[in-house]
Amino acid sequence: MAKILTEYVCQNCGHRAPKWLGKCPECEAWSTLAEEKIKGTGSNQKVSSGSVDNKAVQSVTKVEALTQNRLITGIGEFDRTLGGGLVEGSLVLIGGDPGVGKSTLLLQSMGKMAKTGAKVLYVSGEESPAQIKLRAERLGVLSDNLLICSEICIEDVLRVVEQVQPDALVMDSIQTFFTVDLQSAPGSIGQVREVTFKIFQNVKKRSLPALLIGHITKDGAIAGPKSLEHIVDTVIYFEGEKGHSYRILRAVKNRFGSTPEIGVFEMHSGGLVGVENPSDIFLSERPVDSPGSIIVSSMEGSRPLLVEVQALVTASSSIGMPRRMSAGFDHNRTSLLVAIMEKRLELNLQGEDIFINIAGGLKITEPAVDMGVAVAIAGSFRNQKVDPHTVMIGEIGLTGEVRSVMQLEVRLTEAERLGFKRCIIPHSVREGKLFDKKSSLSLVPVRTLSEAFDAVF
Ligand code: TYD
Ligand code: MG
């Protein structure tokens, strides 16, 4: 076998070095050099014939249509996040903190699929076959079609795939595999990327769906910084707060799905259980009649979630340096809302510590919850309660105006389903359609944050 030559390439500036260096001599960034095969060696080799064959270019109307066969995994919330099942030949990356439940999710869902007759190959570089069996027993998914393999050399894994011809492949985790083409250790950027690329080529050739598990590094990226995200078809993050049993599966990229959907689970002793009506759960423990607690609506994919925002405003003990902390809500957005309230509503929040919490360990990024957050802060500051049957929906602009949000009707339907009586909504909503609807909800359109305060306090 010819010796394959590798070099180290800076992922930041592209500088090439013959050996590994801690710091790139060109851009001076640390730990950015990754091992790569030198072009023209090994399997990268491709000799140009000088002419392009006719098949390389064709009219888009002549291209053969792709039939998207989807495999149903047996866990509804997982299928929903995938956009309606696992597409044949797709490469899915599941990222998450260690211990959040990635292996459990995949063993449980693929195990269920195996029970319905599909042949699933579960390759683990982290656990022994005996450990996996123990877990599969606990999850109740033992089946002859669930094949376990603990091999960490990707070339060997692909040979096994060739032999068994599975209907689905799981690799747990991508950081434990290595290719013989590179000398660096498993888990390094170069290895992770090269291994993923090899799997990618293989699954596309076979129309085999493959699920890769990836651990998240401390700075929040799936190791092999972001470099995997553009190779794979679907990127899903599995999130969960320590101390909560809820887990959220969030698709951040999906070539086979229209909206970034989420799936909600609860972790039990017998594995993950899908939560069909997450709003019910997120609202179940809410205190009624407490200042600083507000119900808001956040669209998560195609699903409206009603969640509780809690704010606590107390006089700051450190002069000039009040604390601003938020869990589950963007910190900068909190500062912005506080600034708007100080300027437009003359609320003197300067000497106050402000804490925001989204109950249930959920993370919300939607601006439609702005109005609720602002009212929660003001409520806690003034020690004033808001009627517990009120939902607040609206984005706040810099002049204190309430701006419209998308999919208001879906949100209102959910609020009605859960028995809420009143919704504070943006004024700009075209009234006709909404107000005609026979609904038990009374809608209060507001133009500004100040009008919203008048409506609730
Ligand atoms: P695991 O799937 O091993 O996490 P990851 O692969 O993301 O590192 O999940 C580990 C946690 O899940 C562990 O703390 C125990 C818990 N767990 C349950 O609560 N119930 C179960 O049925 C299983 C299998 C795990
Ligand atoms: Mg694991």
Side-chain angles (χ1 to χ4, degrees), residues 73-78 81-82 86 91-115 120-143 146-152 154 157 168-178 186-187 191-192 195-196 199 210-224 228-229 232 234-252 262-275 281 360-361 363:
T73 64
I75 297 191
E77 292 291 301
F78 189 28
T81 315
L82 287 166
L86 190 57
L91 194 56
V92 180
L93 178 64
I94 311 237
D97 292 327
V100 72
K102 302 178 294 296
S103 307
T104 307
L105 173 73
L106 289 193
L107 193 64
Q108 195 177 342
S109 57
M110 292 298 110
K112 280 195 170 173
M113 207 166 90
K115 276 194 155 178
V120 177
L121 179 61
Y122 192 104
V123 191
S124 179
E126 296 194 343
E127 288 164 300
S128 68
Q131 278 175 307
I132 299 172
K133 179 174 182 186
L134 202 69
R135 192 191 293 234
E137 243 165 14
R138 183 130 75 92
L139 297 172
V141 294
L142 281 186
S143 119
L146 183 60
L147 308 170
I148 307 295
C149 165
S150 42
E151 184 60 68
I152 58 169
I154 189 64
V157 172
L169 172 69
V170 178
M171 309 274 292
D172 184 4
S173 69
I174 193 70
Q175 277 105 340
T176 55
F177 296 95
F178 73 95
Q191 283 284 7
V192 166
V195 167
T196 308
I199 303 168
L211 299 139
L212 314 178
I213 289 178
H215 291 295
I216 292 185
T217 53
K218 279 201 199 76
D219 51 9
I222 294 179
L228 293 191
E229 294 198 355
V232 301
T234 305
V235 180
I236 293 178
Y237 281 96
F238 204 24
E239 306 165 350
E241 289 287 313
K242 289 219 164 61
H244 284 281
S245 60
Y246 303 114
R247 300 280 185 272
I248 306 230
L249 203 55
R250 191 187 296 275
V252 293
I262 69 162
V264 184
F265 296 92
E266 212 174 337
M267 181 68 99
H268 288 276
S269 56
L272 292 157
V273 179
V275 175
I281 284 187
K363 283 195 186 69

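What you see below is based on every heavy atom in this structure, not just the backbone, and it leaves out hydrogens, waters and symmetry mates. Predicted, not measured: the structure shown is a model, and the values here were computed from it. Remember, it's 1-based here, ligands and their atoms both numbered in the order they're listed.
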List every atom of ligand 1 that sits less than 4.0 Å from any heavy atom of [X], numbering the atoms from 1 in the order shown and giving each element.
X: Arg135; result: 1 (P), 2 (O), 3 (O), 24 (C)
X: Val100; result: 4 (O), 7 (O)
X: His268; result: 18 (C), 19 (O), 20 (N), 21 (C), 22 (O)
X: Pro98; result: 8 (O)

query: Is there a protein heavy atom less than 4.0 Å away from atom 10 (C) of ligand 1?
result: yes

- prompt: Hey, is atom 15 (C) of ligand 1 under 4.0 Å from any protein heavy atom?
  reply: no

Without swapping roles, check the side chain of [X] against the backbone of [Y] for a donor-acceptor pair under 3.5 Å.
X: Gln108; Y: Leu272; result: yes
X: Lys112; Y: Gly140; result: no
X: Glu266; Y: Val273; result: no
X: Lys102; Y: Ile213; result: no

task: Calculate, to the nearest 0.5 Å, the distance between atoms CD and OG1 belonging to Glu126 and Thr176 respectively.
output: 5.5 Å

- prompt: In Å and rounded to the nearest 0.5 Å, what is the CZ to OG distance from Arg135 to Ser103?
  reply: 5.0 Å

Close side-chain approach of [X] to [Y], heavy-atom, < 4.5 Å:
X: Thr104; Y: Phe238; result: no
X: Leu106; Y: Phe78; result: yes
X: Val264; Y: Glu77; result: yes
X: Val100; Y: Leu105; result: no

Should the proximity of [X] to ligand 1, defined as any heavy atom under 4.0 Å, be assigned to the side chain, the backbone, both, or neither?
X: Ser269; result: backbone
X: Ser103; result: both
X: Leu139; result: side chain

Do me a favour and list the nearest non-hydrogen protein atom to [atom] with residue, atom name and distance?
atom: atom 2 (O) of ligand 1; answer: Thr104 OG1, 2.6 Å
atom: atom 12 (O) of ligand 1; answer: Met267 CE, 3.3 Å
atom: atom 8 (O) of ligand 1; answer: Gly99 N, 2.7 Å
atom: atom 4 (O) of ligand 1; answer: Gly101 N, 3.2 Å

message: Please confirm whether Gly96 approaches ligand 1 to less than 4.0 Å, judged on its heavy atoms.
response: no

- request: Return yes when at least one N/O/S atom of Thr104 is nearer than 2.8 Å to the Mg ion (ligand 2), and no when none is.
  value: no

- prompt: Counting heavy atoms only, which of Gly271, Ser245, Gly240, Ala136 is nearest atom 22 (O) of ligand 1?
  reply: Gly271

